[in-house]
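Below is one structure, written out as structure tokens, with a few remarks after it.
Quick note: numbers below take in every heavy atom, side chains included, and nothing from hydrogens, waters or symmetry partners. Naming convention: chains lettered A, B, ... in sequence-line order (proteins, then strands); numbering from 1 in each chain.
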Amino acid sequence: MSESAIEKLTRISGESADRAGEALSKLLRQPIRMILQGANFEPIEAVPTYLATQPGLSVCLLSRVQGELEGNALLAFSLPAARTWVGLLGGEFQASKDDSMPSIGPMEQSMLEETANIALSSFMNGFAQSLGLTAVPTSPIFLLDMAESIGSLVLMECAEVSDQTFLFRVDFRIGDQVLDATLAFLPSPHALAEFSLV
Amino acid sequence: MPSRSSALFDPEIKTIKVLIGEVSLTRPPNILEAILGSCIGVALYDSREHLGGLAHVLLPNSEGREVGRLPGKYADVAVPRLIEAMCQFGASPNRIKAKLAGGARMFKTNAGSAGDIGARNIEAVKSALRSMRIPVLADDLGGETGRKVTFDLLEGVLRVDDFANRSLVL
């Protein structure tokens, strides 16, 4: 992929991140910014580390993106960030019997899934439209586990054909506060071929 | 061959993280560590040499593809490569024993190939070990959650932890 193509993809993904931030701001009724942290080729073994915003458990919302811009999109929150986010939406994590094992109720899970739905759809729609391609994210799947362990799922498709993947990474800001959350999109090898035509 | 093999005899390194697709081997007091989802951690140990290795396997079969710079990516390549590397440093295939962890089905729903990749990885790793005549002493495979494995090379103990505070010593 040429440098100019990567530059264009970086610009487009930054604009898409802005759109996703605006959509989430409407959801939360307060300013949310999504800042592009990277749009580049990364070695696959490094990707799980990018997804693990903090050591330990993460709440991950995984969505398969279909269409010409196919791939895997992921929204990952550290547990404290997920708790903060759910709190902003009026929900609350239930007290767990075991302090080390959080209990996320169906309502709170639904809040996080809807957040992912909005963020990922906004990001992917903006991205796809700018490239004249189609992208349809599926309903997010909720996963609570170590983010690094979930990383293997999103890497399988790319890893079959390459030792590196193109990764878009976006951070969340609520006001001036950085939330331990990240949005990532890993295009399939087929979609990467579409990028080469950018 | 093994990634970061310069770490093998570096006395400064205590815990070596084995990332996706990597293979690492070392001696005590060093420790090998990996976080696994649908991946398989293949821990091999020669008790006489106190030499052990850990492969972080992501996919079942290379189908003839080149492995590039990640020798642990495919089960059918990772297992023989790790054994070969251990033998280069004094291990004997007759003494090497295996312990396995990982291969979780992270999706509860059927998600096509992603849904059963853990099971396919398990079968591919076991098949590769059988073909190399390496016995599996213990395993913690399957399930629906990720695992953190810690391979202590003093006694060849593989500790497996998951986020539900389930902890096993293999």
Side-chain angles (χ1 to χ4, degrees), chain A residues 42-52 54-64 66 70-72 74 78-79 96-104 109 138-165 186 188-189, chain B residues 3-4 17-23 33-41 56-63 65-74 101-118 120-121 143-149 161-167:
Chain A
E42 303 286 353
I44 60 171
E45 67 271 26
V47 170
T49 309
Y50 287 133
L51 301 179
Q54 280 189 5
L57 290 183
S58 292
V59 171
C60 294
L61 296 309
L62 180 61
S63 174
R64 175 69 185 166
Q66 296 169 334
E70 65 178 8
N72 292 302
L74 182 75
S78 69
L79 267 187
S96 57
K97 294 174 186 175
D98 180 335
D99 284 342
S100 63
M101 179 67 177
S103 176
I104 302 177
Q109 183 173 323
T138 57
S139 293
I141 296 174
F142 178 93
L143 295 169
L144 174 63
D145 213 311
M146 295 172 280
E148 289 160 293
S149 64
I150 295 168
S152 57
L153 295 172
V154 298
L155 285 169
M156 272 190 305
E157 192 173 14
C158 313
E160 279 195 344
V161 297
S162 178
D163 287 347
Q164 59 180 1
T165 183
L186 292 86
S188 71
Chain B
S3 57
R4 297 179 285 166
K17 292 188 185 297
V18 184
L19 304 179
I20 279 180
E22 292 188 338
V23 170
E33 186 178 283
I35 295 181
L36 311 167
S38 55
C39 294
I40 306 287
H56 191 149
V57 176
L58 174 65
L59 294 165
N61 291 299
S62 62
E63 295 175 353
R65 293 189 193 97
E66 294 292 326
V67 296
R69 55 185 182 73
L70 295 175
K73 194 159 71 168
Y74 302 104
R105 185 185 177 98
M106 306 291 289
F107 292 151
K108 290 184 181 179
T109 57
N110 180 12
S113 62
D116 65 3
I117 188 65
R120 288 163 52 207
N121 282 340
E144 295 176 340
T145 62
R147 296 167 169 88
K148 177 180 173 182
V149 295
D161 298 292
D162 70 14
F163 78 85
N165 271 347
R166 185 182 67 102
S167 186

Quick one: what part of B/L36 sits under 4.5 Å from any heavy atom of chain A, side chain, backbone, both or neither?
-> backbone

What heavy-atom pair brings [X] and [Y] nearest, and what distance separates the two atoms?
{"X": "A/S149", "Y": "B/I35", "result": "N-CG2, 3.7 Å"}
{"X": "B/D161", "Y": "A/M146", "result": "O-CE, 4.5 Å"}
{"X": "A/D145", "Y": "B/E144", "result": "OD2-O, 4.2 Å"}
{"X": "B/R69", "Y": "A/P43", "result": "NH2-CB, 3.2 Å"}

Let me confirm one number: the [atom1]-[atom2] distance from [X] to [Y], rounded to the nearest 0.5 Å.
{"X": "A/L143", "Y": "B/T145", "atom1": "CG", "atom2": "OG1", "answer": "11.5 Å"}
{"X": "B/E66", "Y": "A/D163", "atom1": "CD", "atom2": "CG", "answer": "10.5 Å"}
{"X": "A/S152", "Y": "B/I40", "atom1": "OG", "atom2": "CD1", "answer": "10.0 Å"}
{"X": "A/L153", "Y": "B/I117", "atom1": "CG", "atom2": "CD1", "answer": "9.5 Å"}
{"X": "A/E160", "Y": "B/R65", "atom1": "CD", "atom2": "CZ", "answer": "5.0 Å"}
{"X": "B/I20", "Y": "A/L155", "atom1": "CD1", "atom2": "CG", "answer": "5.0 Å"}

A/E45 and B/K17, any side-chain heavy atoms less than 4.5 Å apart | no

Minimum side-chain heavy-atom gap A/P48-B/L19 below 4.5 Å | no

